[in-house]
A.B. asks: 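First the structure, which I've put down as structure tokens, then a few questions once you've had a look.
All of these numbers come straight from a predicted model, not from anything done at the bench. Order of the sequence lines sets the chain letters (A, B, ...), proteins ahead of strands, with each chain counted from 1.
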Amino acid sequence: GAGVSQSPSNKVTEKGKDVELRCDPISGHTALYWYRQRLGQGLEFLIYFQGNSAPDKSGLPSDRFSAERTGESVSTLTIQRTQQEDSAVYLCASSLGIGQGGGYTFGSGTRLTVV
Amino acid sequence: AQSVTQLGSHVSVSEGALVLLRCNYSSSVPPYLFWYVQYPNQGLQLLLKYTSAATLVKGINGFEAEFKKSETSFHLTKPSAHMSDAAEYFCAVSRTGTASKLTFGTGTRLQVTL
């Protein structure tokens with residue numbers, strides 16, 4: 001597509017429930033990233049996929065968080081047993097591969113509220 | 001490891017005044033540097049990026065930034081602020097400019113007053 005698409009745009013869930021957030025990257029972008037932005041704070045790196053390489057999961061805050069990506073297409077970020085501190089905007093970005101120039105394009109994010 | 005420090009979480013300027021938002025970086029390799037803007041309830045928009053070409057980088061909306069290796073800085077400037085510039089600004093660094101994670105600063109909220 002023309003840009004990075006994220007769904008849903010807003011999600012309200014009860015504490016303890018699982019949620020899935022979806023990201024559709026720009027076609028042809030081999031790299032995909034997830035970030036979290038808590039209210040009034042900067043962007044916190046969560047996970048990064050690059051082609052068929054093992055993902056960089058160094059930013060995932062706990063084992064309740066996981067992400068998958070099928071090939072070079074859609075990615076889903078799953079949060080199990082949600083907690084109130086998980087409330088944030090989850091941003092996805094994509095980019096071309098190493099040496100391909102360009103930059104990072106961000107989606108509009110999913111606003112997650114855990115009540 | 002790479003990091004970015006943005007000095008000043010809030011900056012207030014008068015309309016028409018110079019905008020200066022500070023960013024200092026730390027990187028063990030030649031960095032790629034970015035400024036992003038986030039308007040209220042919107043996603044991140046790229047303002048400009050430094051990718052080892054010209055040290056003075058011009059971006060959208062009249063913004064520019066100068067890469068100074070000796071000072072490890074990449075400050076964002078605009079000669080004359082406009083009310084529409086009010087937003088959150090983020091400086092970020094990456095190792096390769098693409099296909100490696102961006103590390104963000106904590107952001108600077110710019111307020112523009114009449």
A.B. asks: Does atom CD1 of Ile60(B) have more than 12 heavy-atom neighbours, drawn from other residues, nucleotides or ligands, at distances under 6.0 Å?
C.D. replies: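 Yes, the 6.0 Å shell around CD1 holds more than 12 heavy atoms from other groups.
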
A.B. asks: Any link between Leu33(B) and Leu21(B) through a network of hydrophobic side chains (Ile, Leu, Val, Met, Phe, Trp, Tyr) touching at under 4.5 Å?
C.D. replies: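 They do share one cluster, since a chain of ILVMFWY contacts under 4.5 Å joins Leu33(B) to Leu21(B).
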
A.B. asks: Side chains of Tyr35(A) and Leu102(B), heavy atoms from C-beta outward: is any pair under 4.5 Å?
C.D. replies: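 Counting from C-beta outward, Tyr35(A) and Leu102(B) do come under 4.5 Å.
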
A.B. asks: Can you name the nearest heavy-atom pair linking Gly42(A) to Phe90(B), along with the distance?
C.D. replies: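 That would be CA-CE2, 3.6 Å.
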
A.B. asks: Report, in residue-number order, which members of residues 105-112 of chain A are under 4.5 Å from chain B by heavy-atom distance.
C.D. replies: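 Hits under 4.5 Å: Phe106(A), Gly107(A), Ser108(A), Arg111(A).
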
A.B. asks: Could you go step by step and tell me if Tyr104(A) and Phe34(B) meet the ring-ring contact (aromatic ring centres under 6.0 Å, His included) rule?
C.D. replies: CA-CA 10 Å; Tyr104(A) 305 81; Phe34(B) 305 78; 5.4 Å; yes

A.B. asks: Test question: given the 4.5 Å side-chain rule for I, L, V, M, F, W and Y, name all other residues clustered with Val74(A), or answer none.
C.D. replies: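 None; Val74(A) is a cluster of one.
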
A.B. asks: Anything in residues 55-70 of chain A with a heavy-atom distance to chain B below 4.5 Å? Please list those residues in order.
C.D. replies: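 The list, in residue order, reads Asp56(A), Ser58(A).
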
A.B. asks: Among Gln6(A), Gln37(A), Glu44(A), who wins on heavy-atom pairs under 4.5 Å with chain B?
C.D. replies: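 Answer, by heavy-atom pair count under 4.5 Å with chain B: Gln37(A).
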
A.B. asks: Pick one of side chain, backbone, both or neither for Leu43(A), based on which atoms fall under 4.5 Å of a heavy atom in chain B.
C.D. replies: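 Its backbone and side chain both get close to chain B.
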
A.B. asks: Against chain A, label Gln38(B) side chain, backbone, both or neither, depending on which of its atoms sit under 4.5 Å from a heavy atom there.
C.D. replies: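 Contact with chain A involves the side chain of Gln38(B) alone.
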
A.B. asks: If I take atom CD from residue Gln41(A) and atom CD from residue Glu88(B), how far apart are they, to the nearest 0.5 angstrom?
C.D. replies: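 Answer for the CD-CD pair, Gln41(A) versus Glu88(B), is 11.0 Å.
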
A.B. asks: Count I, L, V, M, F, W, Y as connected when their side-chain heavy atoms are under 4.5 Å apart, and connections chain through other members. Are Tyr36(B) and Val93(B) then in the same cluster?
C.D. replies: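 As far as the 4.5 Å side-chain criterion goes, Val93(B) and Tyr36(B) are not connected within one cluster.
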
A.B. asks: State whether the number of non-hydrogen atoms from other residues, nucleotides or ligands found under 6.0 Å of Glu85(A) atom CD is greater than 12.
C.D. replies: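 Count over threshold, so yes.
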
A.B. asks: Give the interface residues of residues 68-77 of chain B toward chain A, defined by a heavy-atom separation under 4.5 Å.
C.D. replies: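 Residues qualifying by a heavy atom under 4.5 Å from chain A are absent, so none.
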
A.B. asks: What residue, out of Leu44(B), Leu46(B), Thr103(B), has the most heavy-atom pairs lying under 4.5 Å from chain A?
C.D. replies: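 That would be Leu44(B).
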
A.B. asks: Are Leu46(A) and Tyr48(A) linked, directly or through other ILVMFWY residues, by side chains that come within less than 4.5 angstrom of each other?
C.D. replies: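 No; Tyr48(A) is not reachable from Leu46(A) via cluster members.
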
A.B. asks: Answer yes if Val114(A) and Leu39(A) sit in the same cluster of Ile, Leu, Val, Met, Phe, Trp and Tyr residues linked by side chain heavy atoms under 4.5 Å apart, and no otherwise.
C.D. replies: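 Not linked; separate clusters.
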
A.B. asks: Look at the side-chain heavy atoms of Ile, Leu, Val, Met, Phe, Trp and Tyr, link any pair under 4.5 Å apart, and say whether Val112(B) and Leu18(B) land in one connected group.
C.D. replies: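 Not linked; separate clusters.
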
